[in-house]
Asker: 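Below you will find the structure I want to go over with you.
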Amino acid sequence: KITLFYLFHSLRICPTHLKKIFLHMDILLISVSGFFILLGIAGSFLPLIPGPLTGWLGILILSFAPSIPIENQFLIFSFCIAVAIFILDNIIPVLGVKKFGGGKASIIGSSIGLIIGILFLGPFGLLIGPFSGAFIGELIVNFNDKKGALSAAYGALIGFFTGVFLKLIIGLAFAFIYIQTLWDFWF
């Protein structure tokens, strides 16, 4: 941040213009950061967006704003938490399905069902998609065991909601940090 000041100073830019440049840079970085924070919260529900990592990227971008101080230790600590939640999100649905007696077909079916459910049913697809996808996926592998397929579908649904809950908590925490940092910056 100080090196940017010296760079602009060596280019013989007037201090008034320099303040305007930093203000415009702050506004741009704050806007892009806010977009990634919101995308991280949306990634809590959408399987194609890694929510915690996207939200952390928003915090990282915010730290590049010249007027907003964010410590490196905080960035490292929050990155470790985001990676841990990202890894847990990939493990928890598998554990949920296995705990309730399902296999790979119900896990794959749950993911496909979630995507199809969101595309065609909107918010209701978040509930119906993973459940029906896991149920159909397990039925494809073992058509005679409808009770086992239903149990695996419940496991997939519980695992999915546990992952969504964890990602949403970290996404909201990053949004809170973003708002608190901006509040401290402006007031």
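Being a predicted model, the structure only gives us computed values, none of them experimental.
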Asker: Say you draw a straight line from CG of Leu57 to CZ of Phe79; how long is it, rounded to the nearest 0.5 Å?
Answerer: 10.0 Å

Asker: Strictly distance-based, threshold 3.5 Å: is any side-chain N or O of Tyr154 a donor or acceptor partner for the main-chain N or O of Gly96?
Answerer: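 Side chain of Tyr154 to backbone of Gly96, a donor-acceptor pair under 3.5 Å: no, none is there.
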
Asker: Hydrophobic clustering (ILVMFWY, side-chain heavy atoms < 4.5 Å, transitive) - are Ile76 and Phe174 grouped together?
Answerer: no

Asker: Can you confirm whether Ile68 sits close enough to Leu182 that some side-chain heavy atom of one is under 4.5 Å from a side-chain heavy atom of the other?
Answerer: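 The answer is yes, as the side chains (C-beta and beyond) meet within the 4.5 Å cut-off.
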
Asker: Cluster question for you: counting only ILVMFWY and a side-chain heavy-atom cut-off of under 4.5 Å, with indirect links fine, are Phe176 and Leu38 together?
Answerer: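 They do not share one cluster, since no chain of ILVMFWY contacts under 4.5 Å joins Phe176 to Leu38.
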
Asker: Can you tell me how far CD1 of Ile108 sits from CD1 of Ile136, rounded to the nearest 0.5 angstrom?
Answerer: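 It comes to 14.5 Å.
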
Asker: First locate atom CG of Leu75, then atom CH2 of Trp56, and finally report the distance between them rounded to the nearest 0.5 Å.
Answerer: 6.0 Å

Asker: Can you tell me how far the CZ atom of Phe36 sits from the CG atom of Leu62, to the nearest 0.5 Å?
Answerer: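 The CG atom of Leu62 is 13.0 Å from CZ of Phe36, to the nearest 0.5 Å.
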
Asker: Counting distance only, does the side-chain N/O of Ser44 pair as donor-acceptor with the main-chain N or O of Lys167 below 3.5 Å?
Answerer: yes

Asker: Working to the nearest 0.5 angstrom, can you tell me the gap between Leu28 CG and Ile61 CD1?
Answerer: 9.5 Å

Asker: If I take atom OG from residue Ser110 and atom CD1 from residue Ile115, how far apart are they, to the nearest 0.5 angstrom?
Answerer: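 Between Ser110 OG and Ile115 CD1, I get 10.0 Å after rounding to 0.5 Å.
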
Asker: For a quick test of reading the model, state the closest non-hydrogen atom pair linking Ala105 to Gly137 and the distance between them.
Answerer: CB-O, 3.2 Å

Asker: Verify the neighbour count for atom NZ of Lys146: are there more than 12 heavy atoms of other residues, nucleotides or ligands below 6.0 Å?
Answerer: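 Enclosed: over 12 neighbouring heavy atoms sit under 6.0 Å from NZ of Lys146.
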
Asker: Look only at the side chain of Ser63 and the backbone of Leu60, and say whether a donor-acceptor pair between them is shorter than 3.5 Å.
Answerer: yes

Asker: Side-chain heavy atoms under 4.5 angstrom apart, residues restricted to Ile, Leu, Val, Met, Phe, Trp, Tyr: same cluster for Phe161 and Ile87?
Answerer: yes

Asker: Compare every heavy atom of Phe86 with every heavy atom of Pro52, then report the nearest pair and how far apart it is.
Answerer: CG-N, 4.4 Å

Asker: Quick one: do Val141 and Leu150 end up in the same hydrophobic cluster if we chain Ile, Leu, Val, Met, Phe, Trp and Tyr together by side-chain heavy atoms under 4.5 Å apart?
Answerer: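 No, Val141 does not connect to Leu150 through the hydrophobic network.
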
Asker: Report the C-alpha separation of Tyr178 and Ile30 in whole Å, then their side-chain angles, then the decisive distance to 0.1 Å, and conclude whether the side-chain contact (heavy atoms from CB on, under 4.5 Å) test is met.
Answerer: CA-CA 9 Å; Tyr178 173 79; Ile30 288 169; 3.4 Å; yes

Asker: Looking only at heavy atoms, what is the nearest atom pair of Pro130 and Gly125, with distance?
Answerer: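 That closest heavy-atom pairing would be CD-O, 3.5 Å.
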
Asker: What do the steps show when you test Ile92 against Leu166 for side-chain contact (heavy atoms from CB on, under 4.5 Å), and what is the final call?
Answerer: CA-CA 10 Å; Ile92 288 174; Leu166 289 174; 3.5 Å; yes

Asker: Report whether Phe165 and Ile118 are members of the same hydrophobic cluster (ILVMFWY, side-chain heavy atoms less than 4.5 Å apart, transitive linking).
Answerer: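 Not linked; separate clusters.
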
Asker: Can you name the closest pair of heavy atoms from Ile59 and Ile70 and give their distance?
Answerer: O-CD1, 4.0 Å

Asker: Please say which of Leu53, Ile81, Ile41 ends up in a side-chain contact (heavy atoms from CB on, under 4.5 Å) with Ile170.
Answerer: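 Answer to the side-chain contact (heavy atoms from CB on, under 4.5 Å) test with Ile170 among Leu53, Ile81, Ile41: Ile81.
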
Asker: Have a look at Leu157 and tell me which of Phe100, Phe131, Phe135 forms a side-chain contact (heavy atoms from CB on, under 4.5 Å) with it.
Answerer: Phe131

Asker: What are the two closest non-hydrogen atoms of Thr181 and Ile177, and how far apart are they?
Answerer: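 For Thr181 versus Ile177, the nearest heavy atoms are OG1-O, 2.7 Å.
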
Asker: The criterion is side chain to side chain donor-acceptor pair (under 3.5 Å); which residues satisfy it with Ser106, sequence neighbours excluded?
Answerer: Glu138

Asker: Of the non-hydrogen atoms in Phe160 and Leu114, which two are nearest, and what is the gap between them?
Answerer: CE1-CD2, 3.4 Å

